[in-house]
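To start, the structure under review is shown below, and the notes come after it.
It should be emphasised that the depicted structure is a prediction, and the values quoted were computed from it without experimental measurement.
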Amino acid sequence: MLQDIAPHKIYNEYRPDAVPSDDSFVLIFKNADVLAALTDSVSFPTVRELDGALRKRLQYLFSVDNEEFYLLPSSDEEPDPAGLLSNPGKTPGVSTPAADYEFTNIRNLMRKVNGPKYRVHAAFTGKHLADWYRDTRFCGRCGSKTVHSEKERACVCPDCGYTMYPRIMPAVIVGVVNNDRILITKYNRGYAHSALIAGFTEIGETLEETVAREVMEEAGLKVKNIRYYKSQPWGIANDLLAGFYCDVDGDTTVHMDDRELKYAEWLTADEIEFQPDNTSLTGEMMKKFAKDHGRKVSFE
């Protein structure tokens with residue numbers, strides 16, 4: 001999956017006193033796109049490519065091994081980092097030719113290059129933090145401008161004292177099993193490939209209750225024997241995904257919610273059309289079911 005970057009390791013400790021080196025990477029986002037150089041690998045602008053004014057705005061995010069990643073955040077004067085760009089792939093003060101960098105949707109980043117995988121994971125995680133920093137520039141309680149905490153990753157309101165931490169939204173991925181078949185879906189919009197039942201946890205729900213509710217809402221099925229499989233951070237949507245398998249309980253007739261789905265059918269292991277990459281929890285769960293039912297699959 002996306003976060004399986006061993007032997008590399010991400011260190012996300014908060015370091016308010018971190019000072020970027022010339023070789024530190026800079027993540028610049030334009031909505032869901034990240035500025036990157038794509039050849040046979042992926043890279044990002046470095047601090048040495050920025051002028052002094054831009055360097056002063058850098059916000060430390062995390063490190064992967066010895067590689068540090070900083071965010072070039074928006075400002076009040078330029079709320080969109082894309083406003084820094086005079087043309088696609090070039091920033092005022094950046095010496096690298098425009099052709100070297102381009103804005104690439106981070107969902108497609110892993111499909112355009114062969115690696116290194118840990119940098120793709122860094123882009124996803126950086127997007128999560130970039131969204132949070134953007135959305136907490138002002139206090140949600142009194143409207144005052146916030147400041148960064150000096151002791152933890154938090155934004156603090158200097159007027160009312162309200163403290164805001166990075167938002168992580170729990171969601172479930174559900175493999176509903178019917179003997180030698182699994183329920184495979186496709187969404188009406190947003191993602192074109194095969195998937196599993198999925199949805200966000202509501203206020204007051206356990207993850208297991210979310211599983212039962214989402215399966216009923218999207219497929220009209222009751223479930224039993226709900227069992228946890230594995231989790232995955234998914235920074236592009238601020239999610240923490242929790243994967244579960246469960247068994248259909250009683251009637252196996254699918255009553256699909258056609259507002260959400262355009263396809264929902266019971267398929268055998270040999271009938272499943274896998275996702276085009278090996279980055280998502282959904283894709284791994286589909287492959288695990290297929291492997292457990294006799295199909296030869298690769299998780300690489």
Side-chain angles (χ1 to χ4, degrees), residues 1-6 8-14 27 29 31-32 34 59-64 69 71 105-110 117-136 140 149 152-155 163-176 185 187 190-191 193-218 223 226-246 260 275 277-289 299:
M1 293 189 292
L2 180 71
Q3 76 275 14
D4 295 330
I5 59 174
H8 303 287
K9 180 175 174 57
I10 187 168
Y11 297 92
N12 58 8
E13 297 87 354
Y14 183 57
L27 296 179
F29 292 97
N31 299 320
V34 63
Q59 174 72 34
Y60 176 77
L61 296 177
F62 48 78
S63 299
V64 179
F69 290 81
L71 173 69
N105 188 285
I106 63 173
R107 287 183 180 271
N108 298 325
L109 197 61
M110 73 285 289
K117 186 178 181 181
Y118 71 88
R119 289 186 184 166
V120 178
H121 180 43
F124 270 66
T125 306
K127 178 64 167 59
H128 189 164
L129 285 170
D131 287 350
W132 175 72
Y133 278 122
R134 177 200 64 202
D135 296 343
T136 53
S149 170
E152 58 186 343
R153 197 184 298 277
C155 286
T163 301
M164 291 153 277
Y165 297 96
R167 181 180 63 177
I168 302 173
M169 298 187 293
V172 299
I173 304 294
V174 190
V176 187
T185 69
Y187 292 103
Y191 190 70
H193 304 288
S194 297
L196 301 174
I197 296 289
F200 289 100
T201 300
E202 300 287 353
I203 295 294
E205 274 187 335
T206 66
L207 293 173
E208 291 81 2
E209 288 170 337
T210 306
V211 168
R213 176 181 55 78
E214 286 291 345
V215 175
M216 175 57 67
E217 288 179 355
E218 295 189 9
V223 297
I226 299 171
R227 50 205 185 271
Y228 174 74
Y229 170 62
K230 192 180 287 187
S231 65
Q232 178 178 42
W234 197 250
I236 192 172
N238 306 333
D239 295 1
L240 178 62
L241 303 175
F244 291 87
Y245 290 101
C246 57
E260 183 84 10
Q275 295 180 351
D277 54 64
N278 295 309
T279 60
S280 75
L281 176 61
T282 301
E284 179 171 309
M285 290 178 64
M286 290 162 55
K287 286 188 172 182
K288 182 182 184 303
F289 173 85
F299 291 88

* Passes side chain to side chain contact (heavy atoms under 4.5 Å, CB included), Tyr245 versus Lys288? Steps please. -> CA-CA 11 Å; Tyr245 290 101; Lys288 182 182 184 303; 3.5 Å; yes
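By the 4.5 Å heavy-atom criterion applied to side chains, Trp132 and Cys155 are counted as neighbours. Between Glu260 and Tyr187 the shortest side-chain heavy-atom distance falls below 4.5 Å. Contact check for Arg153 versus Leu129: side-chain heavy atoms found under the 4.5 Å cut-off. Thr125 has its side chain out of reach of Phe69: every pair of non-hydrogen atoms, C-beta onward, lies at least 4.5 Å apart. By the 4.5 Å heavy-atom criterion applied to side chains, Leu61 and Tyr133 are counted as neighbours. Here the side chains of Met169 and Trp234 are not in contact, with every heavy-atom distance at 4.5 Å or above. You'll find the side chain of Val211 stays beyond 4.5 Å of the side chain of Glu208, heavy atoms only. Contact of the Tyr165 side chain with the Glu152 side chain is registered, since non-hydrogen atoms from C-beta on lie closer than 4.5 Å.
Considering all non-hydrogen atoms of both residues, Met1 and Leu281 come closest at SD-CA, 3.3 Å. Between Ile10 and Ile5, the shortest heavy-atom contact is N-CD1, 4.2 Å. Smallest separation of non-hydrogen atoms from Ala123 and Leu109: CB-CD2, 3.9 Å. Residues Ala171 and Phe200 approach most closely at CB-CD2, 3.8 Å, considering heavy atoms. For the residue pair Val223 and Val176, the shortest heavy atom distance occurs at CG1-CG1, 4.1 Å. Heavy-atom minimum distance, Thr210 versus Gly199: CG2-O, 4.1 Å.
Atom CZ of Arg134 sits about 11.0 Å away from atom CG of Leu71, to the nearest 0.5 Å. To the nearest 0.5 Å, atom OG1 of residue Thr201 and atom CD of residue Glu214 are 8.5 Å apart. Separating the OG1 atom in Thr279 from the CD atom in Gln232 is a distance of 7.0 Å, to the nearest 0.5 Å. Once rounded to the nearest 0.5 Å, the distance linking CD1 of Ile106 with CG of Leu2 reads 9.0 Å. Taken to the nearest 0.5 Å, the CD atom of Gln3 stands 8.0 Å off from the NZ atom of Lys230.
In terms of modelled atom types and a separation under 3.5 Å, the side chain of His128 and the main chain of Asp239 share no donor-acceptor contact. Side chain of Gln59 to backbone of Ala130: no donor-acceptor contact under 3.5 angstrom is found.
Around atom CZ of Arg227, more than 12 heavy atoms belonging to other residues, nucleotides or ligands sit under 6.0 Å away.
Remark: of the listed residues Lys117, Glu284, Lys287, Lys287 is the sole one forming a side chain to side chain donor-acceptor pair (under 3.5 Å) with Asn278. The side-chain contact (heavy atoms from CB on, under 4.5 Å) test with Val215 singles out one residue from Val172, Ile197, Leu196, and that residue is Ile197.
Ser280 and Gln275 share a side-chain donor-acceptor pair at under 3.5 Å.
One finds a salt bridge joining Glu217 and Arg213 here, because a Lys/Arg side-chain nitrogen approaches an Asp/Glu carboxylate oxygen to under 4.0 Å.
Ring orientation note: the planes of His8 and Tyr118 are tilted relative to one another, at an angle of 30° to 60°.
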